[in-house]
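So the structure is just underneath, and the comments pick up after that.
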Amino acid sequence: MKALKERIIKDGIIREGNVLKVDSFLNHQLDIELFEKMGEEFKRRFEGEKITKILTIEASGIAIASIAARYFKVPVVFAKKTQTKNIAGDVYTSKVESFTHGKVYDIIVSKQFLTEKDSVLIIDDFLANGKALIGLAELVKESGATLVGAGIAIEKGFQVGGKLIRESGIRLESLAIIDEMSVEGGVVFR
Ligand code: 5GP
């Protein structure tokens, strides 16, 4: 997606350790006009698919998922990161290892909000090693819902996540795929 790629080049900051900071438009200050374009693009790519819920993970996925949901006209459910598994009774749970924080945490979704009747689109901001996305896909599987696919804003194509997800048969649509990234050389898109 051209507008997102241009914005990454203009305002993205590359940090040591393969981290791309996009705090000025995606992760801290939010450019809602850009989010609307991303929402439209996700809708275009998944046109014709039956989708009843969008699933994301707190915190940074929530904003993108919420604006996208305006185009799909479905509710957003976000997985909570937690130590305590017993919020509001019965929950689906899986484990995620954080790329940016290096910790393992449990993610949960209340059984109330995801059932076998649902067709789910997962949306998240970044795909790196795929742990967050795999954890979310596990929650969908546990619930008995159908996983339609995953929409990602920025895929770091030089990390294993994209390959793992595509090989597992999950339909993956990334709006910007970065194939190379370095402090000296900037970003190279696929
Ligand atoms: P994964 O689970 O695919 O390894 O990492 C995905 C999660 O880590 C995303 O939800 C995102 O919050 C965070 N993340 C991974 N790489 C980056 C990055 O380069 N920049 C930022 N801002 N977040 C990242």
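Both counts, for ligands and for their atoms, begin at 1 and track the order of listing. Starting from 1, each residue takes its place in the sequence as its number.
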Please check: side-chain N/O of S174 versus main-chain N/O of A176, any donor-acceptor pairing under 3.5 Å?
no
Would you check whether E97 has a nitrogen or oxygen atom less than 3.5 angstrom from a nitrogen or oxygen atom of ligand 1?
no
Tell me whether the guanidinium CZ or amine NZ of R190 lies under 6.0 angstrom from the six-membered ring centre of F158 and within 45° of its axis.
no
Compute the minimum heavy-atom distance from I154 to ligand 1 and say whether it is under 4.0 Å.
no
Close side-chain approach of T82 to Y105, heavy-atom, < 4.5 Å
no
Under 4.0 Å from a heavy atom of K156: give me the atoms of ligand 1 that qualify, with their elements.
16 (N), 17 (C), 18 (C), 19 (O)
May I ask you to check if ligand 1 and G130 share an N or O to N or O distance below 3.5 Å?
yes
Polar contact flag for I57 and ligand 1 (N/O pairs, less than 3.5 Å):
no
Check for me whether D124 has a heavy atom closer than 4.0 Å to any atom of ligand 1.
yes
Could you say whether the N/O atoms of L127 and ligand 1 ever approach to under 3.5 Å?
no
Hey, quick one: are I64 and F126 part of the same hydrophobic cluster, counting side-chain heavy atoms closer than 4.5 Å, chains of contacts allowed?
yes
Give yes or no for whether the N/O distance cutoff of 3.5 Å, strictly under, is met between K21 and ligand 1.
no
May I ask whether L139 and F78 are part of the same hydrophobic cluster, defined by side-chain heavy atoms of I, L, V, M, F, W, Y residues being less than 4.5 angstrom apart, directly or through others?
no
Does L20 reach ligand 1 with a nitrogen or oxygen that is under 3.5 Å from one of the ligand's nitrogen or oxygen atoms?
yes
What closest approach, in Å, do L55 and A79 show between heavy atoms, and which atom pair accounts for it?
CD1-N, 4.3 Å
